[in-house]
There are 2 protein chains.
Amino acid sequence: MARDALSQAFSALADPTRRAILARLSKAEATVGELAAPFDMSMPAISNHLKVLENAGLIVREVDAQRRRCRLTPDGLKEAKSFMTEIAAFWEDSFGELDAFLARGDDLVGSDAKQTESNSEKDQDDGSSNESGGGAGTRSHS
Amino acid sequence: MARDALSQAFSALADPTRRAILARLSKAEATVGELAAPFDMSMPAISNHLKVLENAGLIVREVDAQRRRCRLTPDGLKEAKSFMTEIAAFWEDSFGELDAFLARGDDLVGSDAKQTESNSEKDQDDGSSNESGGGAGTRSHS
DNA sequence: CCTTTATTTAATCAATGTCTTATTTAAGGG
DNA sequence: CCCTTAAATAAGACATTGATTAAATAAAGG
């Protein structure tokens, strides 16, 4: 039942309804009813989405009389984002510092180069092994 | 069949095996057999994971004789990361620029000048929240 | 008390995902 | 040519997810 936190977080994010709920909550906290309103979907369905988001550590729910106030919490996203950052460090050209640099319109590639295939070896730096061996070998038989 | 790119990317990331493959590929490109080796899992299973990653725009496969070289591609992660950044902009204290800033040990709480007020100005009705109505409203009555 | 409002729980069912083994395609070597 | 290696595809078992309707819980209010 309890998957690792990272899987839960990404899995929770892999649904447009849940992402919309998060987007909504990024503006202001809201009750379940308010969150459900814009969707053509039953209340229990929304309730379940919220449970998924809560289990993933993306939101918290606090009881207020007979309504539940939902609010974002940074816990889940933090890990998820840092994983992506580590993976993305390989290119590093695509977003981040250099991205802004490129956006400025500097001529970085323009002269005559057709540098489509220039990078094949970047193999040296492997300080960042994540969960590769251990976390992935989860083989649960039936 | 074709879900939106963001859902595909997050869904692809929501599996430890696939994340381990990405982590491996972030060091160097590899063939399917090399990627499969560390896992106690059949080759077709790995092949399927790779297909998921490819469909999500996270890797590309190029044919080399009878083996396939797999390599990371920034396309998928880019969108995913920017979604998370937008959502996370609500707290903004938890990670990102300010996080590194705080890590430096500067006195931020004492001086009330400049940390909080960058989020309420943005009026973010932008691209991240819009797919909710259309994408989520799939209902079929039975 | 009984009703209204807000939300969760339960039972159910269709659709999807994730493995497996078996078979197939493709490229190279004896 | 046949055989081996590398990988994809096919078909099937099994678990998980995502939605539904119906019923239950909990707080406020007439």
Side-chain angles (χ1 to χ4, degrees), chain A residues 1-4 7-21 29-56 59-71 135-142, chain B residues 1-4 7-21 25 29-56 59-71 131-133 135-142:
Chain A
M1 179 181 170
R3 274 192 303 176
D4 60 299
S7 294
Q8 273 189 281
F10 280 127
S11 189
L13 288 165
D15 183 287
T17 302
R18 288 195 287 262
R19 285 200 305 276
I21 288 173
E29 65 177 38
T31 66
V32 176
E34 289 167 348
L35 291 172
F39 300 104
D40 186 12
M41 197 182 291
S42 67
M43 195 86 87
I46 299 292
S47 183
N48 189 56
H49 281 308
L50 292 174
K51 197 192 295 176
V52 171
L53 290 170
E54 189 174 35
N55 289 336
I59 69 169
V60 289
R61 276 184 285 187
E62 56 193 33
V63 180
D64 169 30
Q66 72 263 55
R67 63 193 66 176
R68 274 74 170 172
R69 289 235 148 67
C70 302
R71 186 161 37 83
T138 48
R139 168 187 180 69
S140 61
H141 56 344
S142 64
Chain B
M1 183 181 175
R3 272 191 303 175
D4 59 299
S7 294
Q8 273 189 282
F10 280 128
S11 189
L13 289 165
D15 183 287
T17 302
R18 288 194 288 261
R19 286 199 304 276
I21 288 173
L25 289 176
E29 66 176 39
T31 65
V32 176
E34 289 168 346
L35 290 173
F39 299 104
D40 185 12
M41 197 182 290
S42 68
M43 194 90 88
I46 298 294
S47 184
N48 188 57
H49 281 308
L50 292 175
K51 197 192 295 176
V52 171
L53 290 170
E54 189 173 35
N55 288 337
I59 69 168
V60 289
R61 275 185 286 189
E62 54 192 33
V63 179
D64 169 30
Q66 72 263 53
R67 62 194 67 179
R68 272 76 169 171
R69 289 235 147 68
C70 302
R71 186 161 39 83
E131 82 258 41
S132 51
T138 34
R139 62 184 288 138
S140 58
H141 87 303
S142 63

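Each chain gets a letter, A, B and so on, in the order the sequences are listed, and its residues count up from 1. Side-chain atoms are counted along with the backbone in the values below, which use heavy atoms only and exclude waters and symmetry mates. This structure is a prediction, so every number in the text was calculated from the model and none was measured.
Rounded to whole Å, the distance from CZ on F39(A) to C1' on dG18(D) is 14 Å. For K51(B) and dA10(D), the NZ to P distance is 8 Å, given to the nearest whole Å. Distance CG (N55(B)) to P (dA8(D)): 12 Å, rounded to an integer number of Å. Atom pair R18(B):CZ and dG17(C):P shows a separation of 9 Å (rounding to whole Å applied). Rounded to a whole Å, the CG atom of N48(A) is 14 Å from the C1' atom of dT12(C). At whole-Å resolution of the value, CZ in R3(B) and P in dG17(C) are 6 Å apart. Rounded to a whole Å, the CD atom of E62(B) is 13 Å from the P atom of dA8(D). Across the protein-nucleic acid pair, L50(A) atom CG and dT17(D) atom P stand 17 Å apart, rounded to whole Å.
Looking at the side chain of P44(A), the nearest of the listed nucleotides dG18(D), dT20(D), dA8(D) is dT20(D). Among dA22(C), dG18(D), dT20(D), the nucleotide with an atom closest to any side-chain atom of A45(A) is dT20(D). Among the nucleotides dC19(C), dT20(C), dT9(C), the one closest to the side chain of H49(B) is dC19(C). Picking from dA7(D), dT5(D), dG18(D) the nucleotide with the shortest atom distance to the side chain of Q66(B) gives dT5(D). Considering only side-chain atoms of A65(B), the nucleotide from dA10(C), dG28(C), dA10(D) that sits closest is dG28(C). Side-chain proximity of M41(B) to the nucleotides dT20(D), dC19(C), dT21(C) is greatest for dC19(C).
Within the 4.0 Å cut-off from OP1 or OP2 of dC19(C), not a single side-chain nitrogen or oxygen of S42(B) is found. Contact between the side-chain N/O atoms of S47(B) and the OP1/OP2 oxygens of dA8(D) is found at a separation under 4.0 Å.
The nearest heavy atom of DNA chain D to R61(B) and to M43(A) marks one nucleotide each, and the one closer to the 5' end goes with R61(B). In terms of position along DNA chain D, the nucleotide closest to R67(B) lies nearer the 5' end than the nucleotide closest to the other residue of the pair V52(A) and R67(B).
Distance alone, capped at 3.5 Å, is enough to place a donor-acceptor pair between the R19(B) side chain and the L13(B) backbone.
Taken to the nearest 0.5 Å, the CZ atom of F10(A) stands 11.5 Å off from the CZ atom of R18(B).
The shortest side-chain heavy-atom distance between R3(B) and P16(A) does not fall under the 4.5 Å cut-off. At least one side-chain heavy atom of L25(B) sits under 4.5 Å from a side-chain heavy atom of L35(B).
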Which is it for C70(A) and E54(A) under the side chain to side chain contact (heavy atoms under 4.5 Å, CB included) test, yes or no, and what are the steps along the way?
CA-CA 9 Å; C70(A) 302; E54(A) 189 174 35; over 6 Å; no
